[in-house]
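Both ligands and their constituent atoms are indexed starting at 1 by order of listing.
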Amino acid sequence: MLKVLKFGGTSVGTLERIQNVAKIIKNIRDDGHDIIAVVSAMSGETNKLIEYANTFSSNPSNKEMDMLLSSGERVTSALLSIALNEDGYKTTSMSGREVGIFTTNEHTNARIESIDTSNMQESIAQGNIIIVAGFQGVSVNTSRVTTLGRGGSDLSAVAIAGAIAADICEIYTDVDGIYTTDPRIEPKAKKMDKISYDEMLELASLGAKVLQNRSVEMAKKLNVNLVSRSSFTPEVEGTLITKEENIMEAPIVSGIALDKNQIRVGLYKVSDKPGIAASIFQTLANSNINVDMIVQTIAVDGKADLDFTISTGDLEKTQKAMETFKDDVEKIDYNEAVCKVSIVGVGMKSHTGVASKAFLAMANENINIRIISTSEIKISMIIDEKYAELAVRSLHDVYELDK
Ligand code: ADP
Ligand code: ASP
Ligand code: MG
């Protein structure tokens, strides 16, 4: 079999852990498999590099940031390759460029356009284990190094697995699979054997960082056999992320996600005239700001309040963009002390009463819901951040996800 394995930041967080990863790879190799291993930077490394840059500039060039951030993954790929080599295994490390990952030019958040697998194929044919520096590619237009957004090594692994038609893509992390919610918040969370691509995509997009959302999207598109498992307990089978039809009996609610990276923007007494919302959201879109949930209150005396949420990283850009409207509103405020809790499940499509249960759970804990939004398979609520963990646990309870 050809296996793509990915080892996250914690799994390669120390030199001993890199040695532990080498051991996992050796075992799989000894079983006769071909291996492409994708690695993250050592945990904390990417954040440290961002902090370094911010000591010189609050707005460093994205092009330089990519040069800087891509270095973290190169360190671990080389170290892991050296460790395996020392034990007599034939290996080669490769940067994103050597792997042949071609991307758009959107530095720090580039999209993969194509992968030229010839280099990898040749190297595997020569008997090498390939160790890939994750999270990076090279711009088709400029040949500069690019990165794929935070958590992007997951995407490197899935994209490579899809492009080279690997038999399986195993994402090794510090938990042994996908749980009904973050097991660090709710110790009663249950591990799932299988979860559908769509549900995993929602959970990941709504804050469950166990898999990067773009990697799940890619896995679905390319039909990659994706498994989430632990490098600390590699003997334990993980969770398979697969097509909905491969799951016999999906529960109504599969999981709860939490996202603390949220800011609620309140525009008070906006003139209630046609075109104002359009122009506000057009301005935000022009500044590349992703708006998530939106509510408008019923107008009184020709004025209405407008609330929406953005992610924490977009605060400064949003403040700047909203300057244009300061004469059209009475007040604008930014509340960072909020979070989003979400309930995800494909079964919601065909069952009623799911939402009311969630609202009741919040009411029982005296938690005020500030914004609600729903789609076919999810319900999201914005609440005060101080209730984040309590909300997750009570939702986990009402849907009996520990059963
Ligand atoms: P890595 O460094 O390996 O990429 P991450 O820190 O990005 O790992 O993701 C793993 C973490 O995701 C876990 O430690 C866990 O706290 C968190 N997590 C959030 N939601 C879930 C979930 N539903 N199931 C499992 N882990 C989750
Ligand atoms: N090192 C990068 C990050 O911290 C990419 C990754 O770990 O997947 O976001
Ligand atoms: Mg990750």
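- Nearest approach of S231 to I24, heavy atoms of both residues: O-CD1, 3.5 Å.
- Near S40, meaning under 4.0 Å from one of its heavy atoms, ligand 2 places the atoms 6 (C), 7 (O), 8 (O).
- The heavy-atom pair separating D66 from H107 by the smallest distance is OD2-ND1, 2.8 Å.
- Neither the backbone nor the side chain of E45 comes within contact range of ligand 2; no heavy atom lies under 4.0 Å.
- The side-chain hydrogen bond (donor to acceptor under 3.5 Å, both in side chains) test with K340 is passed by exactly one of N261, D259, D292, T309: D292.
- Counting heavy atoms only, E73 comes closest to atom 1 (N) of ligand 2 of the residues Q136, K209, E73, R150.
- When only interatomic distances are considered, the shortest N/O to N/O separation between T46 and ligand 2 falls below 3.5 Å.
- In the displayed structure, K90 atom NZ is contacted under 6.0 Å by more than 12 heavy atoms of other residues, nucleotides or ligands.
- Residues passing the side chain to side chain contact (heavy atoms under 4.5 Å, CB included) test with S156, sequence neighbours excluded: V38, L148.
- The shortest non-hydrogen separation linking Y197 to V216 is O-CG1, 3.6 Å.
- At least one heavy atom of G152 sits closer than 4.0 Å to an atom of ligand 2.
- Residues forming a side chain to side chain contact (heavy atoms under 4.5 Å, CB included) with D182 (at least two apart in sequence, or on another chain): R184, I185.
- Under the 3.5 Å distance criterion, with hydrogens and angles disregarded, a donor-acceptor pair is assigned to the side chains of S139 and N105.
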Contact table, ligand 1 N/O with protein N/O, distance under 3.5 Å:
| unit_1 | atom_1 | unit_2 | atom_2 | d |
| --- | --- | --- | --- | --- |
| ligand 1 | 2 (O) | G9 | N | 3.1 |
| ligand 1 | 3 (O) | T173 | OG1 | 2.7 |
| ligand 1 | 4 (O) | K6 | NZ | 3.3 |
| ligand 1 | 6 (O) | K209 | NZ | 3.2 |
| ligand 1 | 7 (O) | K209 | O | 3.3 |
| ligand 1 | 8 (O) | T173 | OG1 | 3.0 |
| ligand 1 | 14 (O) | D174 | OD1 | 2.8 |
| ligand 1 | 14 (O) | D174 | OD2 | 3.4 |
| ligand 1 | 14 (O) | R184 | NE | 2.9 |
| ligand 1 | 14 (O) | R184 | NH2 | 2.7 |
| ligand 1 | 16 (O) | D182 | OD1 | 2.8 |
| ligand 1 | 16 (O) | D182 | OD2 | 3.2 |
| ligand 1 | 16 (O) | R184 | NE | 2.9 |
| ligand 1 | 23 (N) | Y179 | O | 2.9 |
| ligand 1 | 24 (N) | Y179 | N | 3.0 |

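- Assignment of G151 to the shell around ligand 2 is supported, since a heavy atom sits closer than 4.0 Å.
- Judged as a side chain to side chain contact (heavy atoms under 4.5 Å, CB included), and not counting sequence neighbours, the contacts of S254 are E199, P251.
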